[in-house]
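So that the names make sense, note that chain A is the first sequence line, chain B the second, and so on, each numbered from 1.
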Amino acid sequence: MRIATYNVNGVNGRLPVLLRWLEQTAPDIVCLQELKAPQEKFPEKAILEAGYHAIWNGQKSWNGVAILSRLDNIQEVRRTLPGDEEDTHSRYIEAIIDGILVGCLYLPNGNPAPGPKFDYKLSWFERFKTHAAYLLSEEVPVVLAGDYNVMPTELDVYKPERWLDDALFRPETREAYKTLVDQGWTDALRKLYPDEVIYTFWDYFRNAYGRNAGLRIDHFLLSPQIAPRLKAAGVDRDVRGWEKSSDHAPVWVELSALVWNSS
DNA sequence: ATGACTCTTCAAAAGAGA
């Protein structure tokens with residue numbers, strides 16, 4: 001079972017890239033962020049023809065998240081993050097697929113910081129932590145995948161000293177991520193590659209991809225009921241080099257079907 | 001320290017992204 005997450009940066013503008021990547025790598029489940037499309041403009045037909053059923057939460061111009069599955073077995077649980085009825089951003093959607101609860105998130109960027117956008121980021125983060133703690137209390141297999149807009153440590157930034165005041169790297173943001181993980185989650189890529197430089201984003205400026213001036217901001221968090229099934233994980237780095245690519249690359253985890261019980 | 005690029009939209013300039 002392969003689950004992937006991909007910030008597409010415009011699901012219609014990037015559709016050829018998305019379809020090519022789906023065909024090449026054929027993940028079982030896909031979380032998409034930054035659809036940048038209203039609900040009625042989601043390319044459902046093209047996605048279906050590519051072999052995927054989908055649920056999505058669109059929004060005009062910005063945000064937007066979706067969950068795709070090769071099997072028609074998506075049980076939608078929610079399409080908003082609990083805790084603030086006033087929040088109009090489409091940044092969260094959650095479903096149960098094959099007994100796995102999948103949460104697809106697009107955490108706010110938060111720049112410029114400090115300011116109202118940074119406040120929104122931190123309050124969204126707090127709501128997300130509250131919900132994540134609830135999911136842990138359910139003691140079921142949970143995968144929280146998406147664009148967290150956080151570089152967790154200095155290892156995750158090409159030049160940490162340049163990002164100290166940025167909303168993606170400020171102490172408050174890193175602390176929020178750390179306390180989230182410390183609830184009992186496994187950061188899948190760091191678990192398998194504790195010391196490696198891994199990036200999931202390279203901006204469009206100054207040949208950042210060519211220079212490998214990247215960031216690791218797209219993450220997979222696994223609950224204890226599924227973390228032992230983690231077999232492999234990686235970044236489809238080459239996709240970032242394709243024509244008309246998103247500024248993010250897809251990230252994936254491979255989960256074994258069964259856990260070996262040593263007792 | 002700036003600005004580099006690319007997306008979106010009542011469709012030209014502007015906001016957002018990270």
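In this structure, OH of A:Y209 is placed 18 Å from C1' of B:dT6, rounded to the nearest angstrom. Rounded to an integer number of Å, the gap from A:E161 CD to B:dA1 C1' is 15 Å. The interatomic distance linking A:K244 (NZ) with B:dT6 (P) rounds to 9 Å, in whole Å. The CG atom of A:L15 sits 19 Å away from the P atom of B:dT6 (whole-angstrom rounding). Summarising the geometry, the separation between CD on A:Q33 and P on B:dC7 is reported as 18 Å, rounded to the nearest angstrom. We find that CH2 of A:W242 is positioned 19 Å from C1' of B:dT6, with the value rounded to whole Å. Between A:E40 atom CD and B:dT9 atom C1' the separation is 14 Å, expressed in whole Å.
Residue pairs meeting the ring-ring contact (aromatic ring centres under 6.0 Å, His included) criterion with at least one member in residues 10-34 of chain A, sequence neighbours excluded: A:Y6-A:W21. The list of ring-ring contact (aromatic ring centres under 6.0 Å, His included) pairs with a residue in residues 61-91 of chain A, not counting sequence neighbours, reads A:H89-A:Y120.
Partners of A:E196 under the side-chain contact (heavy atoms from CB on, under 4.5 Å) rule, at least two apart in sequence or in another chain, are A:Y193, A:I198. Applying the side-chain contact (heavy atoms from CB on, under 4.5 Å) test to A:D119 and every residue at least two apart in sequence or in another chain returns nothing. Every side-chain contact (heavy atoms from CB on, under 4.5 Å) that A:N73 has, sequence neighbours left out, goes to A:S69, A:L71, A:I97, A:D98.
For the C1' atoms, the distance from B:dA18 to B:dA4 is 13 Å, rounded to whole Å. Taking atom C1' in both B:dA11 and B:dG15, one finds a spacing of 15 Å when rounded to whole Å. On the C1' atoms, B:dA14 is 15 Å away from B:dC10, given to the nearest whole Å. Taking atom P in both B:dC7 and B:dT2, the straight-line distance is 27 Å, to the nearest Å.
Between A:F169 and A:W163, the ring center distance fails the sub-6.0 Å criterion.
Judged purely by distance below 3.5 Å, without hydrogens or angles, the side chains of A:Y177 and A:D187 pair a donor atom with an acceptor atom.
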Go along nucleotides 12-18 of chain B 5' to 3' and tag each nucleotide: B for a protein heavy atom under 4.0 Å from its base, S when only backbone or sugar atoms are that close, - otherwise. ----SBB
